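Atom set for the values below is all heavy atoms of this structure, side chains included, hydrogens, waters and symmetry mates excluded. Residue numbers start from 1 in every chain, and the chains themselves are labelled A, B, ... in the order their sequence lines are given, proteins ahead of strands. Worth saying up front: this structure is predicted, and the values here are computed from it rather than measured.
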There are 2 protein chains.
Amino acid sequence: MQLVRDPDAATALTFLREELTALREEKGRLVQVVADCAIQYQGRARSMLHRGERLLLLKPDGTFLVHTATKAKPVNWQPPGATFHAEVEDDLLVLTAYRPKPEEIVKVTFHAISVCIAVPIRDAEELSLVGSEDDLQELLFRHPELVEPGFVPRRRERDSKRGFYDLDGDDAEGRRLVVEVKRGTAGVKEAQQLWRYVEPLRAQNPDGGVRGVLIAPRVAPKARDLLRDHGLEWKELDWEEVLPKVERLRRVGQVGLGTFS
Amino acid sequence: MQLVRDPDAATALTFLREELTALREEKGRLVQVVADCAIQYQGRARSMLHRGERLLLLKPDGTFLVHTATKAKPVNWQPPGATFHAEVEDDLLVLTAYRPKPEEIVKVTFHAISVCIAVPIRDAEELSLVGSEDDLQELLFRHPELVEPGFVPRRRERDSKRGFYDLDGDDAEGRRLVVEVKRGTAGVKEAQQLWRYVEPLRAQNPDGGVRGVLIAPRVAPKARDLLRDHGLEWKELDWEEVLPKVERLRRVGQVGLGTFS
DNA sequence: CGTTAGATGTCGGTT
DNA sequence: AACCGACGTCTAACG
């Protein structure tokens, strides 16, 4: 672990140059800088942040993050793929993170640096997550009675002219039934999404009585209005109740995820 | 600045307890922990992350972030509003970040801690950004000829039955014209959004010939199909060319944002 | 507080 | 590379 406290511009430059080289060579490594700095961004938009103290994170994959004392999202950033460059301009240390496509640049001008830290962080593990929409889709595919009795699913995630729909099959009376699944509250947007899939099917097959069902733990009032207007249906389903079934389907890294204290 | 290297569980517990108290009292403060740890999450979904080294960030507003050596997004997190709690369980230090609504918990079990750091970061500045959709909307409101010659905008961001639309006015021939503005490529979703606004207006006013135009730097092929099908229009507009005008409208913190090296 | 829509969204999958 | 949709999205604005 490398650590420098209150370095001047020259010292910090040396530190950064060394660590940036190390970053490029070693994957599991992380550079943290706490500093009083000003930040400019130019790319898809443009921004300016006047002097203040922030935490900067530089990752070996070219990720750059600037965090303040509040909020979950960084105030400035660069996604993976950026290249870092450090130099001294007018006695001030300047760090740039450049991303070629789309062409974007974040430029940090340092006024005072509290601390620079570089640490190796080795991590071979991948996050395993249960409860995504894909899990719910699979659950409904395997337990179609949760959609409605007699539902026979045919396909999952098929490309249609206007996008993808989650589930596609036939109801008890042989009518085509398109299902849109949402893990959270479904709003107008989601209702519209279902309509987008059903509309062309009905146009194609005017006598077929194509049905569309939106399944979510909650469907917002305006979404219901839209569904009604277009002859679509919805069903509220509490995933909490069905999640245990999902977990039985796909064990999370062989480790149960029961309630923990 | 507080710093502890390679603390044992008891030392780290003391450090964390002290710093968590300080966090609650002092707004501009940040705690960083680099550690080998396992992480469980339970809430809207559930996740499990096996032992590995990560960087943890604890912010005074109750934000919690867990970063690995790659990616811009934290592998686990808690948005502002969480409360932290540290204790020792079975000789292992455990940190929890609890969020009441929705009820979610992130639980970190430490196996080895490389370093704990707590720093004050004072930052009174706010980010000023140019190039948001709102900026573009304002630009078109003030320069309606960019939409089309003869366009007279009436309102911005009005609530309609089915949501908000960006601009609303009359074209050269007195027909109602609804404009949807996008800062990036417009896809099917955005085309559908425009249709959502125009559809009820046309139903309300069948003879009015209500027009809808989607304005974006680029409109995807499928989006064009949908627009054509519904008698809607689009116009591709390069914001790069018009951004200078936006900046003239709203100076970014009184500081020009010209191209910088 | 719920609802809505934007975001420099980021990210992963598929054509 | 472009396109598309999910995300534990987060976040601000508004009723």
Side-chain angles (χ1 to χ4, degrees), chain A residues 41-47 63-66 70-82 97 99 101-106 127 129-137 157-160 162-166 180-190 193 196-197 218-223 239, chain B residues 41-47 63 65 70-81 99 101-106 127 129-137 157-160 162-166 180-190 193 196-197 218-223 239:
Chain A
Y41 153 74
Q42 185 172 55
R44 286 164 293 178
R46 300 170 195 198
S47 77
T63 297
F64 181 54
L65 303 171
V66 182
T70 59
K71 298 294 154 71
K73 298 188 76 173
V75 62
N76 279 114
W77 71 92
Q78 206 68 285
R99 180 195 191 188
K101 205 175 169 192
E103 189 162 39
E104 302 200 285
I105 189 165
V106 175
L127 183 80
L129 187 135
V130 165
S132 67
E133 187 183 301
D134 195 58
D135 292 323
L136 306 174
Q137 226 182 88
E157 281 279 16
R158 290 286 302 178
D159 196 357
S160 80
R162 291 271 170 77
F164 294 80
Y165 46 79
D166 293 340
E180 178 65 26
V181 183
K182 287 299 152 191
R183 65 176 313 288
T185 300
V188 182
K189 191 175 56 184
E190 285 74 25
Q193 194 177 350
R196 191 162 83 221
Y197 306 148
R218 225 177 65 74
V219 177
K222 281 192 179 177
W239 301 121
Chain B
Y41 153 75
Q42 185 172 57
R44 286 166 292 178
R46 301 171 195 198
S47 76
T63 297
L65 303 171
T70 59
K71 299 293 155 74
K73 295 185 66 174
V75 62
N76 279 113
W77 71 95
Q78 207 66 286
R99 180 193 190 189
K101 206 177 168 191
E103 189 162 38
E104 301 200 286
I105 190 165
V106 175
L127 183 79
L129 186 135
V130 165
S132 67
E133 187 183 301
D134 195 59
D135 291 323
L136 306 174
Q137 226 181 89
E157 282 279 16
R158 290 287 300 180
D159 197 356
S160 80
R162 293 267 168 79
F164 295 80
Y165 45 78
D166 294 341
E180 179 65 28
V181 183
K182 288 298 155 192
R183 66 178 311 289
T185 300
V188 183
K189 191 176 54 183
E190 285 74 26
Q193 194 177 352
R196 194 161 84 221
Y197 306 148
R218 230 177 63 73
V219 178
K222 279 190 181 177
W239 300 121

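Counting atom types as modelled, A/E133 pairs no side-chain N or O with a base atom of D/dG5 as donor and acceptor under 3.5 Å. In terms of polar N and O atoms assigned as donor or acceptor, the side chain of B/N76 comes within less than 3.5 Å of the base of D/dG8 in a complementary pairing.
The shortest heavy-atom contact between B/A72 and A/P79 is CB-CA, 4.4 Å. Considering all non-hydrogen atoms of both residues, A/T185 and A/A220 come closest at CG2-N, 4.4 Å.
A/P102 comes within 4.0 angstrom of nothing in the nucleic acid, heavy atoms only. Across all strands shown, A/P221 has heavy atoms under 4.0 Å from sugar-phosphate atoms exclusively, and none from any base. Counting any heavy atom pair closer than 4.0 Å across all strands shown, A/E180 reaches sugar-phosphate atoms only and no base atom.
Contact annotation: B/K182 side-chain N/O to C/dA7 OP1/OP2 distance is not under 4.0 Å. The side chain of B/R218 places an N or O atom within less than 4.0 Å of a non-bridging phosphate oxygen (OP1 or OP2) of D/dC3. Here B/K189 does not reach the OP1 or OP2 of D/dC3: none of its side-chain N or O atoms lies under 4.0 Å away. The phosphate of C/dG9 has OP1 or OP2 within less than 4.0 Å of a side-chain N or O from A/R44.
Comparing B/P79 and A/D134, the nucleotide of DNA chain D nearest to each residue sits closer to the 5' end for A/D134. For the pair B/L127 and A/A186, nearest-nucleotide mapping onto DNA chain C gives the more 5' position to A/A186.
A distance-only check finds no donor-acceptor pair linking the side chain of A/W239 to the backbone of A/G184 [under 3.5 Å]. Between the side chain of A/R44 and the main chain of B/R183, no donor-acceptor pair closer than 3.5 Å is present.
In this structure, CD of A/Q78 is placed 13 Å from P of C/dT8, rounded to the nearest angstrom. Put simply, CD on B/Q137 is 14 Å from C1' on D/dA12, counting in whole angstrom units. Between A/R99 atom CZ and C/dT8 atom P there is a gap of 12 Å when expressed in whole angstrom units. In this entry the distance linking OH of A/Y41 with P of C/dA7 reads 12 Å, nearest Å. For A/L129 and D/dG8, the CG to P distance is 5 Å, given to the nearest whole Å. Protein atom CZ of A/F64 is 18 Å distant from nucleotide atom P of C/dG9, rounded to whole Å. Nucleotide D/dG5 holds its P atom 7 Å from the NZ atom of B/K222, rounded to whole Å.
Set against D/dC10, C/dC1, C/dC11, the side chain of B/K101 has C/dC1 as its closest nucleotide. Comparing C/dT3, D/dG8, C/dA7 by their nearest atom to the side chain of B/R183 picks out C/dA7. Set against C/dT4, D/dG5, D/dT9, the side chain of A/R196 has D/dG5 as its closest nucleotide. Side-chain proximity of B/A72 to C/dC11, D/dC4, D/dT9: nearest is C/dC11. In this structure, of C/dT8, D/dT11, C/dT10, it is C/dT10 that holds the atom nearest to the side chain of B/K73. Of the candidate nucleotides C/dT10, D/dC4, D/dA6, C/dT10 has the atom nearest to the side chain of A/W77. Checking D/dG5, C/dT10, C/dG2 against every side-chain atom of A/Y197, the shortest atom distance belongs to D/dG5. The A/Q193 side chain lies nearest to D/dG5 when the options are C/dG9, C/dT4, D/dG5.
With rounding to the nearest 0.5 angstrom, the CG atom of A/L129 is 7.5 Å from the CG atom of A/D135.
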key: Derivation of the side-chain contact (heavy atoms from CB on, under 4.5 Å) call for B/Y41 and B/V75   = CA-CA 10 Å; B/Y41 153 75; B/V75 62; over 6 Å; no
